[in-house]
2 protein chains.
Amino acid sequence: MAEPITIKDIANLCGVSIATVSRVVNNSPKGVGEKTVERIRKVIEEVGYRPNRLAQSMITKVTHTIGLVIPDVRNPFFSELVRGVEDVCNENGYSCFLCNTDGKLDKENEYIDILRDRIVDGLLFTTQNNKESNPAFLDFHRNKTPLCFIERYVDELPETPGVFFDNEGGAALLTQFVLDKGHRNIAFISGPLSTMNARMRKSGFMSTMQSNGVEVDARLVVEGNYRLDSGYAAVDQLLEHGKPKFTALIAGNDLMALGAYQALVERGYQVPSDISIAGFDNITYPAVFRPLITTIEIPGYKLGSCGTEMLIALMKGQPLAVTRQVFAAALRDKGSVVQI
Amino acid sequence: MAEPITIKDIANLCGVSIATVSRVVNNSPKGVGEKTVERIRKVIEEVGYRPNRLAQSMITKVTHTIGLVIPDVRNPFFSELVRGVEDVCNENGYSCFLCNTDGKLDKENEYIDILRDRIVDGLLFTTQNNKESNPAFLDFHRNKTPLCFIERYVDELPETPGVFFDNEGGAALLTQFVLDKGHRNIAFISGPLSTMNARMRKSGFMSTMQSNGVEVDARLVVEGNYRLDSGYAAVDQLLEHGKPKFTALIAGNDLMALGAYQALVERGYQVPSDISIAGFDNITYPAVFRPLITTIEIPGYKLGSCGTEMLIALMKGQPLAVTRQVFAAALRDKGSVVQI
DNA sequence: CTGTTAGCGCTTTCAA
DNA sequence: TTGAAAGCGCTAACAG
């Protein structure tokens, strides 16, 4: 290990004190002679000196690092989000620790501790898990380490900044779209109602049905778990009493919509001519793949990049104009909902 | 910002010196009275003291962090890989900085500098870009910061450890499979031949054809760029002179295979009954999606986790049994290649 | 304009 | 078994 060059070496090489070198490194108080600045700059360049960030951080107490805690980077929504976060970090001189929790509370806690130990300047946090709030958050909060939520609501920390997706509005938009196509008997497969976004989506569906004066048949509303097979199983439940009583089906996400699609097709129904289908997420794949599902797009990249921008503002001590940003939903019509 | 608790506070609270506290924190030289250890432990627990990792790192020169440099986490292959890396890091007390370069040389260089400044203990690097070797690598090499390649070959650093996928063997396996189905006129769409893996795959195809005594029609071998549309375009090129002269088509990756599929179907050919298709990558999607392409699976997670294990061994100064691990290919038959 | 000095929080000899 | 003291590489008063 070639001993790294230190500020001391530069000072010696230039015949000045380390304080002076430090000043030009931080191009601080212009109170350094121009000649000196130039000379020092030249030497730094020549020998390839790079300040030791650990030493700097020890004094300044800032590390220019953040922690990003997500359930699983393999989920396309999160990889979009991660990329949004990382891009903004990089643009602003921050580096980002990636942490996968699989949504498990103990891993979330573990990572929060790890990140605190690493003295990150801020934390970006997202999870489906909101059964209970995490005590570690309160620590962060106490230490005033900036924290920004992504699609997460914690009752105990109502004023914590965050970026959110308008789940309710998205569901309303989609439901209205289906209604406008003439459907009146619409089935709904929700995500797990333990999660806030599943509740919001369901609520958007229900209220839009109501505001359109369309009664919701309770037997047509079932709960899934956001996975493909639960969409499949939901169809069995919906068809329990023979022929379908619905002409359209809205699922809480595209995966369940796909599962439902499979179940319907296997049972001899044509989609969308017999039954229309719609979902949430806009999971996108190479253009050749079929089926295509009309869906609500959730802007993963945008949530990540904007959340990071908020966090950076926070870390710089800038007051936030808005502490909670809500992103609007966009409909992606892919033809799986037909006029009747 | 509540002032963090320091080792000094613990020392005062316990009426011992900071050296003693340090000893129990690092449960080092058992040379501390059992009573004292217990007392200090208790206080540490009570007040929730956590050693400042920056200060520790300043002295020990290790940060327990690594850098992971990839083209884009949104590519499913890389998100698999990232997860493999992160899991192994976490199991071993390391944290991981994620860096996306889009395969651009300047961003690769930038990140290498950033990571060096952050004093990562090791670097995991992967990219398709191997037109030129990166001077920054040589710095890393000079500093003896452990470096592990993932699917990357740099001529100047032949002895750098790495994990690799057996591209040539995979291509051979797939080609043999197609040959065994009775095909003799087989088209091949390679990836960009500037990349090593595209060359290896092509080479595996060529040599297997040859070893089976099957002549390769040069007009049936075209170069693509690993993207969907280049697979589509390649078909036009292959059909230039009218009817296809091939009964099977192997693409350098699934995306191009998909593009070729689309082009063939649009031109009225049935896949696989008229023309069989095979690819590389085993990109996987929810089970309902069609078409399915027979393919070679590349174990992204495994490459990530094993690469990280190698890197960790390196960082611990353990000698590596093998400096280069090559992962074997596995065929995933999905029915897109039929017997003729 | 520049240098001296005192730490940041911790590990690690060297003594006691 | 424990403590005192010397730094790690750097920043930030405070002098000059």
Side-chain angles (χ1 to χ4, degrees), chain A residues 1-41 43-44 47-65 93 116-121 143, chain B residues 1-41 43-44 47-65 93 116-121 143:
Chain A
M1 177 104 67
E3 278 313 312
I5 301 155
T6 74
I7 197 172
K8 216 166 170 178
D9 299 324
I10 305 299
N12 289 153
L13 250 35
C14 297
V16 296
S17 75
I18 61 170
T20 302
V21 178
S22 176
R23 283 186 189 102
V24 352
V25 164
N26 300 295
N27 47 263
S28 58
K30 311 260 63 169
V32 184
E34 230 173 73
K35 307 242 137 187
T36 328
V37 171
E38 214 153 284
R39 184 158 43 98
I40 295 175
R41 283 246 167 80
V43 172
I44 285 177
V47 303
Y49 163 70
R50 320 232 47 178
N52 182 323
R53 302 202 68 156
L54 296 178
Q56 290 182 143
S57 294
M58 275 224 60
I59 296 174
T60 61
K61 310 289 190 204
V62 310
T63 55
H64 292 285
T65 59
R116 186 146 38 88
D117 286 354
R118 294 211 176 280
I119 317 193
V120 294
D121 292 344
N143 287 352
Chain B
M1 178 103 70
E3 277 314 311
I5 301 155
T6 74
I7 196 171
K8 218 167 171 178
D9 299 324
I10 305 300
N12 288 154
L13 250 35
C14 298
V16 298
S17 73
I18 61 171
T20 303
V21 177
S22 176
R23 285 187 186 101
V24 353
V25 163
N26 300 296
N27 48 262
S28 57
K30 310 262 61 168
V32 184
E34 227 171 78
K35 308 241 139 191
T36 327
V37 172
E38 215 154 286
R39 185 157 42 97
I40 295 175
R41 284 246 168 80
V43 172
I44 285 177
V47 304
Y49 163 71
R50 319 230 49 174
N52 181 322
R53 300 201 71 156
L54 296 178
Q56 289 182 146
S57 295
M58 275 223 59
I59 297 174
T60 60
K61 311 286 189 209
V62 310
T63 55
H64 292 288
T65 60
R116 186 147 38 87
D117 285 354
R118 295 212 175 279
I119 318 193
V120 294
D121 292 344
N143 287 352

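Just so it is clear, the structure is predicted and the values come from calculations on it, not from any experiment. We name chains A, B, ... by the order of the sequence lines, and we start the count at 1 in each one.
Taking only side-chain nitrogens and oxygens, A:Lys35 never comes nearer than 4.0 Å to OP1 or OP2 of C:dC1. The shortest distance between the side-chain N/O atoms of A:Thr20 and the OP1/OP2 oxygens of C:dG3 is below 4.0 Å. The phosphate of D:dC10 has neither OP1 nor OP2 within less than 4.0 Å of any side-chain N or O from A:Ser57.
Shown here are the salt bridge (charged side-chain N to carboxylate O under 4.0 Å, His left out) partners of B:Arg39, two or more places apart in sequence or in another chain: there are none. With sequence neighbours left out, B:Thr60 forms a side-chain contact (heavy atoms from CB on, under 4.5 Å) with B:Val62. In terms of the side-chain contact (heavy atoms from CB on, under 4.5 Å) criterion, residue partners of A:Ile7 (sequence neighbours excluded) are, by chain and number, A:Ile18, A:Val21, A:Ser22, A:Tyr49. Residues meeting the side-chain contact (heavy atoms from CB on, under 4.5 Å) test with A:Val24, sequence neighbours left out: A:Ile40, A:Arg41, A:Ile44. Under the salt bridge (charged side-chain N to carboxylate O under 4.0 Å, His left out) criterion, B:Arg53 pairs with no residue, sequence neighbours left out. Every residue meeting the side-chain contact (heavy atoms from CB on, under 4.5 Å) condition with B:Ser57, not counting sequence neighbours, appears here in chain and number order: A:Leu54, B:Thr63. Qualifying salt bridge (charged side-chain N to carboxylate O under 4.0 Å, His left out) partners for B:Asp9, counting only residues two or more places apart in sequence or in other chains: none.
The distance between atom CE of B:Met58 and atom C1' of D:dC8, rounded to the nearest whole Å, is 4 Å. As rounded to whole Å, 16 Å separates atom C1' of D:dT1 from atom CD of B:Glu38. Counting to the nearest Å, the P atom of C:dG9 and the CZ atom of A:Arg116 are 16 Å from each other. The distance between atom CG of A:Leu54 and atom C1' of D:dC10, rounded to the nearest whole Å, is 11 Å. Between B:Asn12 atom CG and D:dA4 atom P there is a gap of 11 Å when expressed in whole angstrom units.
We find the CG-NE2 distance between B:Asp117 and A:His64 to be 12.0 Å, quoted to the nearest 0.5 Å.
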Expected rows: protein N/O vs nucleotides 10-14 of chain C N/O, under 3.5 Å:
from	atom 1	to	atom 2	distance (Å)
C:dC10	OP1	B:Tyr49	OH	2.6
C:dC10	OP1	B:Asn52	N	2.8
C:dC10	OP2	B:Ile7	N	2.3
C:dT11	OP1	B:Asn26	OD1	3.2
C:dT11	OP1	B:Asn26	ND2	3.1
C:dT11	OP1	B:Gln56	OE1	3.1
C:dT11	OP2	B:Ser22	OG	2.7

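The minimum heavy-atom distance linking A:Ser17 with A:Ala11 is given by the pair C-CB, 3.8 Å.
Over its length, the helix from C:dC1-D:dG16 to C:dA16-D:dT1 turns its helix axis by 40°, as judged from the five terminal pairs at each end, rounded to 10°.
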